[in-house]
Amino acid sequence: MSDSAKFDAIPGTYVFDGKRCREGYHLNMFCKSMEREENRRAYTEDPAGYLDRYPMTPEQRRLVEARDWLGMLHAGGNIYYMLKLISYDRSTLQHVGGQMTGMTVDEFRDMLAEGRMGPAGLGPARQAR
Amino acid sequence: MSDSAKFDAIPGTYVFDGKRCREGYHLNMFCKSMEREENRRAYTEDPAGYLDRYPMTPEQRRLVEARDWLGMLHAGGNIYYMLKLISYDRSTLQHVGGQMTGMTVDEFRDMLAEGRMGPAGLGPARQAR
Amino acid sequence: MARIVAGVGTSHIPAVGAALDRGEHGNAYWAPIFAGFEGARDWLASIAPDVAIVVYNDHASAFSLELTPTFTLGLAEVFRPADQGYGRRKVPDVAGHPDLAVHLLERLVADEFDMAQALEMDVDHGLTVPLSVLCGTPAAWPFPVIPLAVNVIKYPQPTARRCFRLGEAIGRAVASYPEDLRVAVIGTGGMSHQLQGERAGLWNPEFDRAFLDDLTADPERLAALDHVTLVRDAGSEGMELIMWLVMRGALGIAPREAYRFYHYPASNTALGLIAFET
Amino acid sequence: MARIVAGVGTSHIPAVGAALDRGEHGNAYWAPIFAGFEGARDWLASIAPDVAIVVYNDHASAFSLELTPTFTLGLAEVFRPADQGYGRRKVPDVAGHPDLAVHLLERLVADEFDMAQALEMDVDHGLTVPLSVLCGTPAAWPFPVIPLAVNVIKYPQPTARRCFRLGEAIGRAVASYPEDLRVAVIGTGGMSHQLQGERAGLWNPEFDRAFLDDLTADPERLAALDHVTLVRDAGSEGMELIMWLVMRGALGIAPREAYRFYHYPASNTALGLIAFET
Ligand SMILES: [Fe+3]
Ligand SMILES: [Fe+3]
């Protein structure tokens, strides 16, 4: 099995490899631009016009507009770049983690507190360390 | 002998090492800025004001204003950065090479044509290849 | 002659920095965590290193997809906290140590490590949160810092083996510095965590405990971990643990474990902290 | 399977590009030089590589003192000629080969080369002048190019040995690429020259001739050259010759010299051009 097939066999995990990096380039660069106050302001004032600056695919743009975080990940998003858009939204990685795992944020927090996400995915609560 | 002492023992040669890099940082970054048309224009319109943006030492600034290329080299200049200022001046590396070796540009070109600069410095013309 | 006197491995969870910056570190969620840091702070204060090499990863703050170096050594006089989308952290600027940094750079490149060299670089939570964890909230950080940024957010990352070897080379380079300096090496990131995908929130306590144990018992096993194993067992962001191996490689044969703290969950991840003396 | 079919070492003198761009290449000064390129052009056209890896150095165009990587691999679809202070050269944009480039990157990092990866990078005369030398003035370059930028303008540079080893690793990486591709590797820079200081205009024909000869006769001697020797004998900018060793390392045991041209002076330097088949 090639490394890339081995990575693909890991459940619910997306390795930001050369292919995803090329696919997601403009999506990620849009997200990164949210680091700067003048860009945040420009995006707030004219979201569509601001997104026009980044030649994403129509599907990527739809995912961004819908804040479909798992979709963005599938379309080449890198979580550390997406985090800058999450911060712009005043959202958190726990809200986004909930969406990606199909839970509400409270369910996601409970799941964390109970330690129920193991390497093989969701399961019973882990024994304390 | 340390590497740095061995480099210093080479005649008429300046290795752009960590010390020179730190010394010459703002001098070189000023030179690099000449790559962009808007900077060239700003420098032409207000040379003193433009140089104020780069916190060089007063001596470095004097060397820049006097176009003392050998002096700039001694003060931490890197020839590839300086080349951008040379291009701004519409001068050439042969003019600058002449100044650095104490020749007119025509003398420097003759010296090149005659192959008189060997590893040990100036000498008789080299035998053709 | 300079020598490496201490090593630390520590998570660099941004929420830890935020809890401190917002004064929330005394609440029910954070108090046990900050209590766990106390022992490491006291220990490090007693070590009082002259300078620290902090091995961390940039999170698309100073670098971006345009250009991603594998290893970057910071040579500047000062490094500012990065603006990661919510302003710069209100912590002291980080003083560098250009003399030692240039020495390390020259030795590492001669030793066939293909370092990128940075004379201007903002440092993000990967570097500033560990300083907060280990030093609290002083008016100035108690020692200068040489940042060593490792690419872990874009495949392909350097191998665990390469990171370990870089640490060994840092050990040699420090030992050849003429001035008497007591140097700490701090590796940051981890422990098991995954921020993304249907497996977000991953926790693998068995992996983490074995990793902490084997820093002493079997570092060779850790240096041999491949990327697939790291991502599978420690999570996509657990890969950051390769930076602890730079630290471990720098410590030489048999460092002594001086302190350990492990806690779960902290934000979305497991938090680990381990300290060594040489 | 891909394989390396040809290697070229060539100077990348900016004045050569300028002579061509201004149509001055037929005058008394340049005509003998461009005549010397003819044989290499014919030879390369007969080889007709599918892709070329061009090992060159950036001259403070794409990179700057803020961040200087040692080795940078270009992964982009296209690279534009840099504006070096007098507008972009009016030559075609350079098409990349992202698939092979990503493959090389993954293999080289796994092989413990600490590459920086660039997804956006302008390319300066270090890359475009050799294309002009070898391909003339076509409407589009006849093959895609993977740029590999090496730091030679800021100390410490990678050793000659490290460059040779990088070439060997490139040879292995190309050989493991599944698609049938005929690959050329072009190393640029040199030969003996010095642009700066009281020794500006340096020429060392003995050094240059021995260097050209030993690419076939004794590459081990060249890989063992230290920086002090290179600067002393080849001049401060003659150091660029380490990039020819990347090319030579990629060619394997016993390549056959197919063409050679040497001329002095061209602008302020000695010009060398050598071609190999594997
Ligand atoms: Fe991190
Ligand atoms: Fe050059």
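Below, read A as the first sequence line, B as the second, and so on, with proteins coming before strands; counting in each chain starts at 1.
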**Request:** Could you tell me whether a side-chain N or O of D/W141 sits under 3.5 Å from a main-chain N or O of D/L131, the two making a donor and an acceptor?
**Result:** no
**Request:** Please flag which part of D/Y155 lies under 4.5 Å from any non-hydrogen atom of chain C: side chain, backbone, both or neither.
**Result:** both
**Asked** Is it the case that C/H125 and C/Q84 place a side-chain donor and acceptor less than 3.5 Å from each other?
**Response** yes
**Message:** Is a donor from one side chain sitting under 3.5 angstrom from an acceptor on the other, for C/H12 and C/T128?
**Reply:** no
**Asked** Would you call C/R80-C/E120 a salt bridge at under 4.0 Å N-O?
**Response** no
**Complete:** Looking only at C/G74, C/P156, C/P69, the option with the highest number of non-hydrogen pairs under 4.5 Å against chain D is C/P156
**Fill in**
Comparing C/M115, C/E66, C/Q117 against chain D, the one with the most heavy-atom pairs below 4.5 Å turns out to be C/Q117
**Selection from D/T68, D/L105, D/L166, D/L108 maximising heavy-atom pairs under 4.5 Å formed with chain C** = D/T68
**Item:** Over-ring placement of D/R3 relative to D/Y177, 6.0 Å and 45° cut-offs
**Value:** no
**Message:** Heavy-atom pairs under 4.5 Å with chain D - which of C/Q157, C/R165, C/H227 has more of them than the others?
**Reply:** C/R165
**Request:** Specify which of C/V109, C/D226, C/L75, C/T159 makes the most heavy-atom pairs with chain D at under 4.5 Å.
**Result:** C/V109
**Heavy-atom check, side chain of D/L195 versus side chain of D/H193, under 4.5 Å** = yes
**Under 4.5 Å from a heavy atom of chain C, the part of D/N151 involved** = side chain
**Request:** Check each atom of D/S64 against the heavy atoms of chain C and say whether the ones under 4.5 Å are side chain, backbone, both or neither.
**Result:** neither
